[in-house]
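So you know, we letter chains A, B, ... as the sequences are listed, proteins then strands, and number each from 1.
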Amino acid sequence: MREGGVRWSAPGRTLSLRFCPRTTRRSRFMQTDYDPHAVEREAQAYWMEHDSYRVREDPAREKFYCLSMFPYPSGRLHVGHVRNYTIGDVISRFQRMRGRNVLQPMGWDAFGLPAENAALENRVAPGPWTRENIAYMRSQLKQLGFAYDWSRELATCDPSYYRWEQWLFLRLLDKGLVYRRKAEVNWDPVDQTVLANEQVVDGRGWRSGALVERREIPQWFLKITAYSEELLAALDGLDGWPEAVKTMQRNWIGKSRGVQIRFDIADAAHEPLEVFTTRPDTLMGATYMAVAADHPVAQAAAERDPEVRAFCDSCRQVGTAEEDLEKQEKKGVRLDLEAIHPISGERLPVFVANFVLMAYGTGAIMAVPGHDERDWAFARKYELPIVKVIERAEGEPVDIDAGAFTDYGVLVNSGAFDGLTSADAFDRIAEHLAREGRGAVQTQWRLRDWGVSRQRYWGAPIPIIHCADCGAVPVPESDLPVVLPEDVEFEGVGSPIKKDPAFYETSCPQCGKPAERDTDTFDTFFESSWYFARFACADNDEAMLDERADYWLPVDQYIGGIEHAILHLLYARFFYKAMRDEGLVASDEPFRNLLTQGMVLKDGAKMSKSKGNTVDPQAMIDSVGADTVRLFIMFAAPPEQTLEWSDAGVDGALRFLRRLWKLVHDHVEHGPVDVDAGAPEGLADHHHALRRKLHETLAKVTDDMERRYTFNTAIAAVMELINEIPTCQDGTAEGRAVVHEVIEHVVLMLAPIVPHVTHVLWRELGHGEALVAHDWPAVDERALVRAELEFVVQVNGKLRDRIRVAADADEETIRERALAADNVQRHTEGRTVRKVIVVPQKLVNVVVA
RNA sequence: GCCGGGAUGGCGGAACUGGUAGACGCGCCGGACUCAAAAUCCGGUGGUGGUGACACCAUGUGGGUUCGAGUCCCACUCCCGGCACCA
């Protein structure tokens, strides 16, 4: 049972001696000095012995699912992890004190590239390497005292985990949400292998140094685009998400309304060119066309013209990363074709250009250099005409020679459409084209389907068998999981399972003839797209999810790095909706509230081994203890902001905990406290003042922890409160009782942040029941009463004086007192008072001529 | 290149809804304790001028709105995150 909130002078209390430290079990004398390691050992032993963080589903209690993004087991925790997990732990512990049934699980995002790299470097297979890392990092998390329910731990590299995503993949395949097509990868022609984008450095393979080529291979895709509309619309309902993240996702999904226009080619036998534009109002300014290097028109031209062929080949000598493509110098080659403008009938040259992407829209564009910056730069370079067709509605006329004008405006040089606004012209031109059968209004999305095939070893096998006769055949459910062999030799490049007949040789489930398994593995975002659901029922080997998921989901608070704002969070949202439509979960969105933490920097730069500016949290835990690390990291900056690491700041945190320890020690050493002497009624002024400060602080800290998540200001407020304690150490029983109330509340308020030291201090304060079972204290409204208020007085917005007035003074009185203040008199003397603005509780501004 | 974010003392940061700029901590300076040092405790600490009361300047840069701007608007500089195969 929980001990109630701390109550002071409860009516009818007969025992006035609140505690007797000398008779408390275990500690006859409190340690004089703060010994973080002894304290942390004791607290952790208690939690383990009592299984304090094990949670069970309890429909009678309000649940709170608090989740931090699980780590990739790279070997050791880094400071970013410590920050992420401390934030999650503070929120979890706070919510628990608020009476919620809190689930805080932890697991391992265990598949991924680094294990393969480590395998090459150290000649350890990815499996054992990963599991060793997990064991070490788990011990680190335990040392940090995070309140995880370890019984739910999972690792995505375990077949008991990935079998269910193989199962779901086949369900989605069945449903038509999975398909196979060719798609481009980074190909290293020397190592004969596919490279990840990060393995392409300046266009070359990181190991071989060879120029990377884009190459097409067959891959599996998930139809995330089937959910484009819902993924976009549902963002509006995610009130608990940061605006910045929602904006990024909206832009990523990129819904746009435009017109698909057909341009005939002068050679009547030629297929027409289809383009998509969001600016049909600029159609009359189109002076040339451009197609992607992979566009059939460019490919056909390459057959005829060696120069075009060379250009198209050179376009392939770039990785697949959009950043690389966009940063290239805009180049093109003119084709031996002319397009016909659908309205003017003018002939337009057609280029193949490296800035047109086959993956977006139709792979062809109409270029309007007057009103698009890229088109403008390209036109300048190749001396193509630039025509102004949009004019500003008012103000200076547009100078098209200085640069493209991309705003909306009024049409000029557009024949029958002159004088229309851009918005009207959009509709009129779209109608015109539709009538002529040359175009139609269309919605275009930037979002592309999710390619999930990876040509790598250390991932979950894709449960498909390729049969010469039957094609791609799903592995029967009864044969799942397809287990990844872990006892492999990992040397050189290429995936071991692609060379392992024992893995890939099998028979076709349909016809029984010899067939081969798919040797690709899933993108690791696949695992991280549903792990949060599996934590609800990680032990179920009969089903992916069960009714426990209905109790815990959705996640009430998700915490992770801002770098996951788009990909991970969008894939997880998509997965959740797909799982919902499979009847696996009951809600629409996986994460009700999202907190995106900032990076941790050292000397103004991201920590990295190459820069040699890393901080190892383990060394810190070893020297100053977990509580100090937790305290510093929460005090140094609010969670969403980048955090600048400071060793000096760590010392400051340790010093604070020593002071706190000493404060409690000295207080306890004084012997029992008569708490009734601190009854709120009739306290001396300075005692009432401290008590008011306490309850004001409690109100602020509660708000900071619950609503604002600004733990740095919560800690600062507690420090301020502690700094006021000496005002009441006056040797009176009343002062001592108030100080006692303050100290107990300080320990409670700090409990979510520094759980070990507060656990021990709470016991030293004479409580038989552990702090972990205690509720968050309540604010005593009676303590907040003030007789007087201070107002700041400004003259013309500059601070000139301060006045104290009775709390219930009316505005007229405040105004009079403000005008009468000495320094206000000096600044208003001989000038006319024009206006007096009174801001309640705060300030008076006297406006003079 | 495109999308998102940030910039406040010597440093990390505070100022929550347009209302006291610099809370809290670090560092530094001075003092106490000590044979001495460390640790600890007490006091001071944005800049300039003034013995002082005070005054002026100051939130990346330049403009604007307002009685009042760190906060809102416009333009720019630099830094950070993401860009679909790092996680």
Side-chain angles (χ1 to χ4, degrees), chain A residues 69 71-72 74 109 112-114 117 185-186 194-200 242-245 247-252 254 319-328 330 355 359 373-374 447-456 523-525 528 561-568 570-571 596 598-599 601 604-606 632 635-638 640-653 655-656 658-659 662 700 703-704 707-708 710 712-713 715-720 723 790-799 802 822-823 826 834-837 839 842-848:
Chain A
M69 289 180 185
Y72 177 80
S74 53
D109 189 12
L113 261 191
N117 297 332
V185 292
N186 298 311
V194 175
L195 299 177
N197 282 338
E198 76 160 0
Q199 297 173 319
V200 180
E243 255 343 292
V245 174
T247 305
M248 282 189 263
Q249 292 213 351
R250 277 189 198 105
N251 292 339
W252 185 262
T320 54
E322 184 179 300
E323 186 187 352
D324 295 334
L325 293 166
E326 290 272 353
K327 274 185 173 165
Q328 291 179 94
K330 314 288 176 262
F355 64 86
E373 272 158 29
R374 241 173 4 187
L447 184 66
R448 308 198 295 257
D449 278 334
W450 174 15
V452 295
S453 297
R454 296 293 180 269
Q455 296 68 44
R456 317 204 182 287
D523 176 7
T524 56
F525 277 126
S528 56
I562 181 70
E563 66 272 21
H564 295 293
I566 298 176
L567 291 180
H568 162 61
L570 194 62
Y571 290 145
T596 49
M599 307 252 127
L601 307 182
K606 199 173 166 176
F632 166 70
F635 181 59
E640 307 214 290
Q641 211 160 300
T642 50
L643 182 149
E644 175 67 33
W645 188 265
S646 151
D647 292 335
V650 176
D651 295 343
R655 207 173 311 165
F656 173 76
R658 281 195 190 126
R659 266 200 297 260
K662 188 163 185 302
K700 181 186 171 45
D703 187 48
D704 283 351
R707 178 183 63 88
R708 298 216 303 152
T710 48
N712 56 328
T713 54
I715 295 163
V718 173
M719 287 173 167
E720 252 184 272
N723 290 342
E790 190 186 68
F791 277 72
V792 156
V793 187
Q794 301 178 330
V795 177
N796 284 347
K798 290 200 175 201
L799 175 62
R802 287 156 203 274
D822 288 351
N823 208 34
R826 263 227 305 279
R834 285 269 163 96
K835 206 185 329 184
V836 179
I837 292 153
V839 179
K842 272 197 180 116
L843 145 159
V844 180
N845 189 13
V846 181
V847 184
V848 296

Practice item. Using a 3.5 Å limit on both pairing distances, list the dot-bracket string of RNA chain B from the 5' end; Watson-Crick and G-U wobble pairs count, crossing pairs take [ ], interstrand pairs take |. Key: (((((((..(((......[....)))((((((.......))))))((((....))))..(((((..]....))))))))))))....
Which value, in whole Å, describes the distance between the [atom1] atoms of nucleotides [N] and [M]?
N      : M      : atom1 : answer
B/rA14 : B/rG25 : P     : 15 Å
B/rC29 : B/rC74 : C1'   : 44 Å
B/rC79 : B/rG22 : P     : 31 Å
B/rU45 : B/rC11 : C1'   : 14 Å

To the nearest Å, how far apart are [X] [atom1] and [N] [atom2]?
X        : N      : atom1 : atom2 : value
A/Lys835 : B/rU66 : NZ    : P     : 11 Å
A/Lys327 : B/rC2  : NZ    : C1'   : 11 Å
A/Phe355 : B/rC2  : CZ    : P     : 14 Å
A/Lys700 : B/rA14 : NZ    : P     : 10 Å
A/Gln249 : B/rC83 : CD    : C1'   : 14 Å

Check your understanding: With syn defined as a glycosidic torsion within 90 degrees of 0 and anti otherwise, which applies to B/rG9?
Key ->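 For B/rG9, whose glycosidic angle is within 90° of 0, the conformation is syn.
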Heavy-atom donor-acceptor pair, [X] side-chain to [N] base, under 3.5 Å:
X        : N      : value
A/Arg834 : B/rC67 : no
A/Asn845 : B/rC67 : yes
A/Gln199 : B/rC86 : no
A/Arg655 : B/rU40 : no

Just checking [X]: base, sugar-phosphate only, or nothing, at a heavy-atom cut-off of under 4.0 Å?
X        : value
A/Trp252 : base
A/Val200 : nothing
A/Phe635 : base
A/Gln455 : base
A/Leu843 : base

Check your understanding: Any idea which of B/rC86, B/rC56, B/rU20 is nearest the A/Lys798 side chain?
Key ->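 The answer is B/rC56, which lies nearest to the side chain.
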Point to revise | Under 3.5 Å: donor-acceptor pair, side chain of A/Gln641, backbone of A/Pro638 | key: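 It does not hold such a pair.
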Point to revise | Residue mapping more 5' on RNA chain B - nearest nucleotide basis, A/Asp449 or A/Gly112 | key: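 The 5'-side residue here is A/Asp449.
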**Study point:** Residue mapping more 5' on RNA chain B - nearest nucleotide basis, A/Ile715 or A/Glu373
**Key:**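 Closest to the 5' end, via its nearest nucleotide, is A/Glu373.
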Point to revise | Between A/Thr713 and A/Asp704, a side-chain donor and acceptor under 3.5 Å | key: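 A/Thr713 vs A/Asp704: donor-acceptor pair found between side chains.
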Exercise for review: State whether A/Asn823 places a side-chain N or O below 4.0 Å from either non-bridging phosphate oxygen (OP1 or OP2) of B/rC54.
Suggested key: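 Negative; the distance criterion is not met.
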Check your understanding: Between A/Glu326 and A/Arg374, is the closest basic N to carboxylate O distance under 4.0 Å?
Key ->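 Salt bridge present between A/Arg374 and A/Glu326.
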Check your understanding: Does atom CZ of A/Arg834 have more than 12 heavy-atom neighbours from other groups under 6.0 Å away?
Key ->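 Incorrect, the count does not exceed 12.
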Review point. Roughly how far, to the nearest 0.5 Å, is the OH atom of A/Tyr72 from the OG atom of A/Ser528?
Key: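 Result: 13.0 Å between the selected atoms.
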